[in-house]
Structure formats: structure tokens, C-alpha cells
Number of protein chains: 2
Amino acid sequence: MRSACPLNFGLEQFGDKWSLLILRDMMFFDKRYYNEFLSSEEAISTNILADRLLMLEKEELITKQKDTGHKQRIRYSLTEKAIDLLPVILEIGLWSDKHAGKLITPEKAFFLVEVKKDRETGMKKITDKLRNDHIL
Amino acid sequence: MRSACPLNFGLEQFGDKWSLLILRDMMFFDKRYYNEFLSSEEAISTNILADRLLMLEKEELITKQKDTGHKQRIRYSLTEKAIDLLPVILEIGLWSDKHAGKLITPEKAFFLVEVKKDRETGMKKITDKLRNDHIL
DNA sequence: CAGGATCCCATAGGATACTG
DNA sequence: CAGTATCCTATGGGATCCTG
């Protein structure tokens, strides 16, 4: 680790260009399976996806479960630690919404709607939804 | 650009392992000069620092001024666009503070004290301070 | 379907020396 | 003092193919 600074710690855990996108897919697009992550617009490649899923698991941001039943499909779930990243993701989104101009489209920013109305209650609404799924 | 998603936009602007650390140095350690950035604990090297300063300037997150007077020392200042990143930086810090355990030391987390007492007023207090410096 | 293996290229980044 | 330049290595990452 480069330093004991909290900002640096966070950057070392998820400060690459892919980890937060995977968590976004889980949080806002309800993706849970390998091939669902592959189909995102940003087109992550298989070796990077596999690598990041391992990293996220090691950092305890996601957990793996064998799909209940006979198939060996793996389902990924968010941990509480990952759900706690929601404010980080939303603040990045809000910043971009303010400064990106026409580079981002309203449809792509749909997940900001609730927090733009009211940060606190919007945040809570999304967190509750994620926590419910988490328990399933 | 990989996509028109606001999260992705932010990640492409400052989602590397150094940019936010430089902004942190400016925001919380009042660093403004090249050699001050070099002396940070994370030990950035000269080529990376020069590169990131150019990037941050191109993205309009910092501005350069020749130091008033005869010397050709360059002073870097935060733009409003960079000051708007304060919530992002603080949320990352708060998350790490919660999840890093003993890997981060209280002294390193001093810049979280105000927001931990009260997010809204703490945020405003820091923003005001940065805006004042910005005007100098 | 999940993900490992391989190949190959681009970028990141450390170390050091040099320039205006 | 603020970079540039150079060299070299490590990592990131795209493409493709392979395996249990």
C-alpha cells in the first residue's frame, strides 16, 4: 500500500476503470451473472472481467453463490461493504451530470433521478432495495 | 469514450490512481507547487506528475499561473469544477474510514472530521475555504 | 456458461539524467 | 524549479481460443 491515507485506500480498492462499472451493473441494472456483465456497453473483455470478479471477491465487495439447482452457473451478490459504495458512485454521477454537458444522455443518468430530487431519501430508497436483494 | 454513462464519464476524467491524490494535496494540504506534489507520501514520479498536471489542466480541473514576481515558478489552482469533486473525495474517505480498519490512521483521516460531525455543514465549510483560496 | 491460457500490444509508472 | 527525455519493467487490456 502506498500510504495510510483513506482516499488512497479507497483508490487502491476500486480506483481502476472497471470495478465500479461492474458494481454499477449490479446496483442499477440488476445484473448478477458473468455473461450479463460481458454485455455492457463498455465492452469489458473476458480476462479483465474474470480478474476483476476475483479482486472484488477478495476485497469482499461481492460474493459468489452456486445457482440453487443443478446448474453450475454462478450468481454474484453485493455485500454490505459494496452497498456502502453507493454514495461514492452517486456523487461521481452527480458530478458528471453537472459537468459533462451533452456527453451523457438523460436515459443513461436515470439512476440519478431519485437523489437529484432529494439526496437523503433517494439514497435510502436505493439502499433499501439493494439490501432486500442482498438478502435473497 | 467508452459510453455515455455518467459514472463512466467521471471515471475517464479522474478514475486513475493519481489524479484525485493531487487534488487532495491541493484541497487539504494546501499544496500548490510542483515540488510540493513530489514530496507526498505516495511518491509520484516526475513524468507521471507532469503528465497528470497537463491532463488536469486540459480537463479544466486546475489552472496554472506564473508566480507573481520575477521567478518562473508555477502556481496551480483549483477550478470550481475541481472543487465540485469534494463530495466524491469525501465519500471515498468516509467509506475507507468505515472499512479499512487499522490500515488508515486517525491523523491521515483528519480531513474527514468536519464531515463526520455533520455532512452538510462540514462540506460547506471546506468548500467555502477552497473557494476563498481560489479567488486569491 | 464460467473462466483459464495465450499472445501481443498499449499504457502506466519507477529511476535517473538532462535542459531552459 | 519545472519540467523533458530516456530506459526499462510491470500492468492493463483487447482478441482469440480452449476447457471443465
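Order of the sequence lines fixes the chain letters, A, B, ..., with proteins taken first and strands second; residue numbering starts at 1 for each chain.
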> Between D/dT16 atom C1' and A/I44 atom CD1, what is the distance in whole Å?
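Computing the A/I44:CD1 to D/dT16:C1' distance gives 17 Å.
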> Take the protein atom CD of B/E12 and the nucleotide atom C1' of C/dT11, then report the distance between them rounded to whole Å.
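Atom CD in B/E12 sits about 14 Å away from atom C1' in C/dT11.
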> Using a cut-off of 4.0 Å on non-hydrogen atoms, how would the nucleic acid contact of B/I48 be classed: base, sugar-phosphate, or nothing?
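If one applies the 4.0 Å heavy-atom cut-off, B/I48 turns out to touch a base.
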> Roughly how many Å is it from CG in B/D51 to C1' in C/dG13, rounded to a whole number?
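For the pair B/D51 CG and C/dG13 C1', the rounded distance is 10 Å.
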> For the aromatic rings, using the six-membered ring if either is Trp, is the centroid distance between B/F37 and B/F29 under 6.0 Å?
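Not under 6.0 Å, so no.
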> What contact category does A/Y76 fall into here, base, sugar-phosphate, or nothing, at under 4.0 angstrom with non-hydrogen atoms?
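Here A/Y76 touches the backbone only, sparing every base.
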> Can you tell me how far P of C/dA2 sits from CZ of A/F37, to the nearest Å?
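After rounding, the gap between these two atoms is 10 Å.
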> Is A/R75 close enough to C/dA2 that one of its side-chain N or O atoms is under 4.0 Å from OP1 or OP2 there?
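No, outside the criterion.
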> Identify whether the distance between the nearest side-chain nitrogen and carboxylate oxygen of B/E114 and B/K125 falls below 4.0 Å.
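So B/E114 pairs with B/K125 through a salt bridge.
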> Output yes when at least one side-chain N/O atom of A/W18 is less than 4.0 Å from OP1 or OP2 of D/dG13, else no.
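Looking at the OP1 and OP2 atoms of D/dG13, one of them is under 4.0 Å from a side-chain N or O of A/W18.
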> Find the distance A/L53:CG to C/dG4:C1' and express it as a whole number of Å.
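Roughly 13 Å, once rounded to whole Å.
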> Figure out the CZ/P separation between A/R52 and C/dA2, and round it to whole Å.
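The answer, rounded to whole Å, is 19 Å.
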> Fit a plane to each ring of B/F14 and A/W95, take the angle between them on a 0 to 90° scale, and name the class: parallel (under 30°), tilted (30 to 60°) or perpendicular (over 60°).
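Answer is perpendicular, since the angle exceeds 60°.
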> Is it the case that more than 12 heavy atoms not belonging to B/E41 sit under 6.0 Å from its CD atom?
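Count over threshold, so yes.
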> When all nucleic acid strands are considered with a 4.0 Å heavy-atom cut-off, which category describes A/D16: base, sugar-phosphate, or nothing?
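No contact.
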> What's the separation between atom CD in B/Q65 and atom CD1 in B/I74, rounded to the nearest 0.5 Å?
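Rounded to the nearest 0.5 Å, the CD-CD1 separation comes out at 9.5 Å.
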> Hey, which of these two, A/Y33 or A/R2, hits DNA chain C nearer its 5' end, going by closest nucleotide?
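Its nearest nucleotide lies further toward 5', so the answer is A/Y33.
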> How long is the line joining CG of B/L56 and P of D/dA2, in whole Å?
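After rounding, the gap between these two atoms is 16 Å.
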> Using the side-chain heavy atoms of A/Y34, tell me which of these nucleotides is nearest: D/dG13, D/dA2, C/dG3.
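Side chain of A/Y34 sits closest to C/dG3.
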> When you measure from the side-chain N and O atoms of A/N35 to the phosphate of C/dA2, is any distance below 4.0 Å, counting only OP1 and OP2?
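So the side-chain polar atoms of A/N35 do come within 4.0 Å of the phosphate oxygens OP1 or OP2 of C/dA2, strictly under.
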> Quick check on D/dG14: is either OP1 or OP2 less than 4.0 Å from any side-chain nitrogen or oxygen of A/K17?
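It does not, given that no N or O in the side chain of A/K17 lies less than 4.0 Å from OP1 or OP2 of D/dG14.
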> For the pair made of CG in B/L21 and C1' in C/dG13, what is the distance, rounded to whole Å?
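Taking CG of B/L21 and C1' of C/dG13, I get 14 Å after rounding.
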> More 5' along DNA chain D: B/N47 or B/E36, using each one's nearest nucleotide?
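The 5'-side residue here is B/E36.
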